[in-house]
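The structure appears right after this line, and notes come after that.
FYI, the numbering just counts along the sequence from 1. Reckoned from all heavy atoms, side chains included, excluding hydrogens, waters and symmetry mates.
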Amino acid sequence: MSLGSTNEVENCLLIANSLRFLSDEAFGELNNRNTEIRRMMLSLIEKIRKGN
């Protein structure tokens, strides 16, 4: 579910940026943070599946 949420956040950021509610700079920063969170969640999921 959490991975789906990161996708939803990404879509909201894209929409907000295209409608000019977010500057390109703000979009880039927030999108980078969202991507990093997604990577951390994928790593956690992988570790849980391996049992480590």
Transitive ILVMFWY cluster of Phe21, excluding itself - 4.5 Å side-chain cut-off: Ile15, Leu19
Asn17 side chain to Leu13 backbone, donor-acceptor under 3.5 Å: no
Nearest-0.5 Å distance that lies between atom CD in Glu8 and atom OG in Ser2: 11.0 Å
Distance, nearest 0.5 Å, that separates CD of Glu10 from CG of Leu30: 12.0 Å
ILVMFWY clustering at 4.5 Å (side-chain atoms), partners of Ile45: Leu3, Ile37, Met40, Met41, Leu42
Asn34 side-chain N/O to Thr6 backbone N/O, donor-acceptor pair under 3.5 Å: yes
Main-chain N/O of Asn31 paired to Thr35 side chain as donor or acceptor, under 3.5 Å: yes
